[in-house]
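Note sheet for the following structure.
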Amino acid sequence: MSITIATWNINSVRLRADLVARLLRDEAPDVLCLQECKSPVDKIPLETFAARGYGHMVARGQKGYNGVAILSRLPLEDAGHRDFVGKGDARHVAARLENGLTIHNYYVPAGGDVPDRDVNEKFGHKLDFLAEMRAWFTDTAPEKSVLVGDLNIAPREDDVWSHKQLLKVVSHTPIEVDTFETTREAGNWVDVTRADIPEGQLYSWWSYRARDWSAADKGRRLDHVWASADIAAAAHGSRILREVRGWDQPSDHAPVFASFDL
DNA sequence: ATGGTCGCCTTGCGA
């Protein structure tokens, strides 16, 4: 059985419900994980997605901020959520498929503008969030699991348009990259996108502020698909759908896809 | 060149 999973920071699921429906129609993933839904769960337009065959959803939401949802055309069981850093933010939710695969959907805090936790508490919050993820993975080794989401860190030099120019820019600072890698390694997670596409520049986000985002191409790979080590060899077919960033009234993120033969 | 653009909690804030 092959399962295709996609992750996409949608930046308002209500404003962009038609774009979600278009992606479901054109690309037909089995599971689509969304971040920054910016909606209470009961206001997510599930009927729009159910009409496309995606009637199963597990989500956590809040008004205006954050929000994560897992849409599926296969039955889903709610596998809970965790309130990282105790702020009550809707930044994590998990679901389980009938074949036993657990899917974790994360929206890691962006971390503000200044990469110094002494003057910017949002940066400290981001590092603390990652440390809590790491502690959880150390305590309970993930098995038969996929972790996806907007992790708001671009770890590799070829995950950003300019390694040198972004060394002091939140999302690519050494402390974030180190924390990101120790967090991933604590769970023996495999970076599926880079296992499939090991060479070359790879981005999933381009700022709204660029005059011409595609020509400037100042992107970063902030959105990730990880697999637990026991199923990593089953992963294949990773892609980032750059063209989706060019749709009308787009999200500033492109969706990331991976498939698993389970 | 320290700007620029989004979306919602709105005339500010978070990204």
Side-chain angles (χ1 to χ4, degrees), chain A residues 7-23 33-45 48 59-69 83-92 105-117 119-130 148-155 159-162 164-173 175-176 179-180 203-224 242-256:
Chain A
T7 179
W8 192 14
N9 179 317
I10 192 62
N11 188 17
S12 175
V13 70
R14 283 183 278 178
L15 191 68
R16 288 186 239 286
D18 291 345
L19 270 62
V20 173
R22 179 176 170 185
L23 186 80
C33 296
L34 299 171
Q35 304 86 36
E36 278 208 271
C37 295
K38 296 185 173 179
S39 172
V41 173
D42 63 4
K43 298 280 180 54
I44 294 175
T48 301
R60 298 293 184 271
Q62 61 192 99
K63 191 178 174 185
Y65 290 122
N66 306 320
V68 284
D83 177 14
F84 288 88
V85 201
K87 288 177 60 104
D89 286 349
R91 293 182 178 274
H92 168 254
N105 182 13
Y106 279 86
Y107 175 47
V108 171
D113 289 331
V114 182
D116 179 347
R117 66 183 307 152
V119 297
N120 169 22
E121 67 179 29
K122 289 180 197 160
F123 194 70
H125 175 216
K126 181 179 195 174
L127 296 178
D128 291 347
F129 191 105
L130 290 161
V148 306
D150 178 2
L151 305 185
N152 265 315
I153 292 173
D159 289 336
V160 294
W161 65 275
S162 169
K164 189 175 177 182
Q165 287 181 257
L166 288 174
L167 276 170
K168 293 181 179 177
V169 175
V170 172
S171 73
H172 192 62
T173 63
I175 181 72
E176 288 172 278
T179 305
F180 183 92
Y203 314 139
S204 67
W205 173 88
W206 295 261
S207 172
Y208 283 126
R209 296 178 189 179
R211 283 189 210 95
D212 183 336
W213 70 273
S214 189
D217 203 21
K218 292 184 174 180
R220 308 177 201 170
R221 187 170 71 103
L222 304 180
D223 302 275
H224 298 269
R242 179 188 174 106
E243 65 272 20
V244 172
R245 178 62 177 80
W247 288 358
D248 286 341
Q249 288 194 283
S251 167
D252 44 355
H253 294 253
V256 182

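In the text below, chain A, chain B and the rest are named by the order of the sequence lines, each starting its count at 1.
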Got a donor-acceptor contact below 3.5 angstrom from the A:Asn105 side chain to the A:Ala69 backbone? yes
Between atom CG in A:Asn120 and atom C1' in B:dA15, what is the gap in whole Å? 13 Å
Along DNA chain B (nearest heavy atom to each residue), the more 5'-positioned of A:Cys37 and A:Tyr107: A:Cys37
When you compare the side chains of A:Ser171 and A:Glu176, does any donor N or O come within less than 3.5 Å of an acceptor on the partner? no
Please tell me which of A:Ala210 and A:Ala110 maps to the more 5' nucleotide of DNA chain B, matching each residue to the nucleotide holding its nearest heavy atom. A:Ala210
Nearest of B:dA1, B:dG14, B:dA15 to any side-chain atom of A:Lys38? B:dG14
Can you check the A:Ile153 CD1 to B:dA15 C1' distance for me, whole Å? 15 Å
Donor-acceptor contact below 3.5 Å, side chain A:Tyr203 vs main chain A:Arg242: no
Identified ring-ring contact (aromatic ring centres under 6.0 Å, His included) counterpart of A:His224 within the set A:Tyr106, A:Trp205, A:Phe180, A:Tyr107: A:Phe180
For nucleotides B:dC8 and B:dG3, find the distance between their P atoms and express it as a whole number of Å. 26 Å
Can you tell me how far C1' of B:dC6 sits from CG of A:Asn9, to the nearest Å? 12 Å
In whole Å, measure the gap between the C1' atoms of B:dA15 and B:dG4 for me. 14 Å
Within the structure, does a side-chain N or O atom of A:Arg91 lie under 4.0 Å from either OP1 or OP2 of B:dA15? yes
Rounded to whole Å, how long is the line connecting atom CG of A:Asp150 with atom P of B:dG14? 17 Å
What is the distance, to the nearest angstrom, from the NZ atom on A:Lys126 to the P atom on B:dG14? 15 Å
Find the distance A:His253:NE2 to B:dG7:P and express it as a whole number of Å. 13 Å
Minimum side-chain heavy-atom gap A:Ile153-A:Lys126 below 4.5 Å: yes
A:Arg14 side chain near B:dC8 phosphate (N/O to OP1/OP2, under 4.0 Å): no
When you measure from the side-chain N and O atoms of A:Lys122 to the phosphate of B:dG14, is any distance below 4.0 Å, counting only OP1 and OP2? yes
Is A:Ser12 near enough to B:dC8 that one of its side-chain N or O atoms lies under 4.0 angstrom from OP1 or OP2? yes
Can you tell me the distance, in whole Å, between the NZ atom of A:Lys218 and the C1' atom of B:dA15? 18 Å
In whole angstrom, give the distance that lies between atom CG of A:Asp113 and atom C1' of B:dG4. 13 Å
